[in-house]
Each structure stands twice: as C-alpha cells, then as structure tokens.
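Read the numbers this way: they start at 1 and go in the same order the structure lists the ligands and their atoms.
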Amino acid sequence: MLKLEKTWRWFGPQDKITLDMLVQMGVEGVVTALHHLPIGVVWTKEEILKLKNQIEAKGLRWSVVESLPVSEDIKTKGKNYAQHIENYKISLKNLGECGVDTVCYNFMPVLDWTRTDLRFKHKGGGEGLYFDYPTFAAFDVFILKRKDADKDFPPEILRQAEEIFKKMPIEEQEKLVYNIIVVTQGFVNGVIDGTVKDPKKLFLEYISHYDNISEAQYRQNLKDFLDAVIPTCEEANVNLCIHPDDPPYPVLGMPRICGCADDLRKLRASNQSVRNGITFCTGSLSGRTDNNLVEIAREFSPWVHFIHLRNTQHLTERSFYESGHLYGSLNMPGIVSEFLKEQRRRQQEGRKDLRMPFRPDHGIRMLTDMDNDIYNAGYPLIGRLRGLAEIDGLQTGIAFSMDK
Ligand code: DNO
C-alpha cells in the first residue's frame, strides 16, 4: 500500500533519542543535517558519508536534509555571497552523489521559527509551544526597542502589549529574549547562539542588514539564489524544498515572502523546475487563519517534496498554540488525503519521487518527557511518537479506503 514515508527529525549522534530507538518506533527515514558544521561551509562527501553510513547501518535511510542552511550573506547578498553560493552548490552536488536526494531550507530573514512560550500548559497537563501576538509585540516594542516597531502593530495589540510588559518581571523578559532569539534558533543552525553576551544588540545589528531590502527585492534575492543552485539540483538529482515562514507574515520589520498560496505561486513562477519545491509545513502555514491548508495542499502537491504535519489551535487571528497532531483548527484528514492522492498520481505518471516523506512536527511534552530536560524545545520523544502513530493510523485508514 502506497503511504507517505514515516520520518523523524534526528539531531545527530548527540541526540538522546538514538537511531536504535527510531527503529523500534517504526521510523523509516531519518531527517537530519551535519549539525556540527557552521553555516556557509562546504559539506564534504566524507562528512556526508560518515553520517549516512551510521544511519544505514541501522537499516534506515537518510531521507531528508533539514536543513542545508542558507546563510545571511546569501539572503542579503552580503560580502560572502559568491563564495557561499559556490559552497552551497558543491554541498548539493556532494549530497546528490552520496544518494541523499531531498534538501530542506528556509529563506526567513535572521530568525527561523518564533514562539513566545515553550512550555504552555495544556488543559490535560501536557506542555507545548505557544505564540501570543501581544506578547510578541511587547518583545519587539518594549524589550528589543526596535526603532518604529510600534508602527507595525494595530493600536489594540499595542495596548495589550503595554499591559503585558508592565507586569513582566525582568527574568520573564530575559526568558522571552532567550526563547525568541536564542533557543529555538541554536539547534536549527541559527545565527545567534547561547554564548553571545548581548544577544539583543547582535540581533538588532542583523535586523539592520534588511533596512534597505524591500519585499520585491527580497523575492528577487530568493529567485537569484534558486536560479544559481537549481541547475546543480537538476544535475545531481536533488529536490530542494523551501520551508514556509513561521509565523507566515512579516515580523520585526523584515520581509517574509513564503507564507501563503500567493507566495508559493510566486516562488514556483520564479523558477519552474520541479526541483524548486516546497516543504509543506502545516503548522507554519496555519499561522494565518486565511490560509486554507487543504486547498494549498491540493494546488501545490506536485512540487511538495517533504511534509511537516502538526496541528494548531487558533486563539485569535494571530495567536495560537500547538495542539498536537490530529486535533486542533486544521483538517488533518483532509490534508493527508491530498498527499496520498498525489502519491497515486505520481505513480500513474511514472514519477520516481513516490516516497513523499512526512515527519510528525513538534509535539506535546507529556508523560516521561517531563522527567528531564534533554530534548530540544518542541521536539519531545513521547509527544512526537504519539503524533507519528496518530498520523500513520490516519494515513493507513485513508489509503486503505482509497485503494479498495
Ligand atoms: C522548526 C523547523 C524549522 C525548519 C527550518 C528549515 O521546528 O521546522 O526550524 O527546520 O526552517 O530550514
């Protein structure tokens, strides 16, 4: 029975969740990266094969690279632009020659994903990630004190932000800075790590690199990046797939250009190779209540090379918490059905890329996840295992009735 490949994000040999554990859990493909290498350098075949052999020795496949990070110099056309593009191309070529064929990246300025609370209490006792828009405004306007930040928020949100800020003890403010600028970024190859003395200052400096980059210019930068690397993907048989912006609209005065159907249309129009693909991240795209995810999945499924599945519960138009995998504001059966249909279409068309790897994205911290602090924020063992099992059950049921 044709089903989406079951994958799991593994943070490499340091990860407390071992490859043996993944085998036990029924994982088929591993999603990982050369996490120990700094952004911008070449991934040599030797390094790639070292990790790949480790994965394959357990009977698993290195299914997706998440991520081959795009440096700030590439995004902003900074001084190392040409060198970093060249290195990116070599890394893609090396990955392809080593048989790793799917590469995820994002094009979010400075920040990757953003949350205001990493331990939001659920009714049942579990904990998960939370994005509260007024708290984020409080961070931007009153804590970071970014110039003109107040102009970016509606008056009612600003009023709430001020209230929140007034009641926020200094330790809470520091925690918010840490949550937004450091901890969610570090393990995903962020530009600022925990060793930096004054993260706010450095962060504002990075933000200032975007002062003169308009949305149109930023789209052009993405197109230039794609036009430079996609020919290498074609030669090396590598599918590149952009991760949507999270949250999917501009934040901190910088452009964000991959957050809705229209953005994805522009992305596809800018370079029409099938290698110019998409990581369909339900959680990220759901950060806008006007995004209809089933429709977006239907429209773009031919170019989706990788799928992140998780649910969110909307609280207001822009605030939400991550509610596990099956239950929440999103129609998960509808979304999964679209990809199972796409798999069958690909089979009929004779396409080779039938795996369509999905991973349970994030998870609720629950049960023995609570016993210690050994997992990356958003990536607990039990919460994700529950998501893997739920989605696999869902897809098995749907695939069974489709093929009957
Ligand atoms: C968050 C992840 C992202 C993703 C990158 C891809 O949990 O989905 O950090 O890995 O944006 O480059």
In ligand 1, which numbered atoms sit nearer than 4.0 Å to a non-hydrogen atom of [X]?
| X | answer |
| --- | --- |
| H362 | 1 (C), 7 (O) |
| E66 | 2 (C), 4 (C), 8 (O), 10 (O) |
| H308 | 8 (O) |
| M108 | 11 (O) |

Study note, to complete from the structure: Heavy-atom proximity to atom 9 (O) of ligand 1, picking from V70, V31, D112, points to D112
Residue-level breakdown please: for [X] versus ligand 1, do any non-hydrogen atoms fall below 4.0 Å on the side chain, on the backbone, on both, or on neither?
| X | value |
| --- | --- |
| C104 | side chain |
| N106 | both |
| R115 | neither |
| R310 | neither |
| Y105 | backbone |

Review point. Is R318 positioned over the aromatic face of Y249, cation under 6.0 angstrom from the ring centre and no more than 45 degrees off axis?
Key: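 Yes, cation above the ring, under 6.0 Å and within 45°.
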Review point. So with a 6.0 Å cut-off around NZ of K50, is the heavy-atom count from everything else above 12?
Key: no
**Study point:** Enclosure of K3 NZ (heavy-atom neighbours >12, cutoff 6.0 Å)
**Key:** yes
Check your understanding: P357 versus V31: any side-chain heavy-atom pair under 4.5 Å?
Key ->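 A side-chain contact under 4.5 Å is absent here.
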Exercise for review: Under the ring pair (Phe, Tyr, Trp, His ring centres under 6.0 Å) rule, what do H362 and Y379 come out as? Steps first, then yes or no, please.
Suggested key: CA-CA 5 Å; H362 302 177; Y379 288 86; 5.2 Å; yes
Exercise for review: Among R115, R365, R119, find the one that has a salt bridge (Lys or Arg N to Asp or Glu O under 4.0 Å) with E322.
Suggested key: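 Of the listed residues R115, R365, R119, the salt bridge (Lys or Arg N to Asp or Glu O under 4.0 Å) partner of E322 is R115.
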Review point. Is it true that a side-chain atom of K6 and a backbone atom of G26 form a donor plus acceptor pair closer than 3.5 Å?
Key: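 Checking the backbone N and O of G26 against the side chain of K6, a donor-acceptor pair under 3.5 Å is found.
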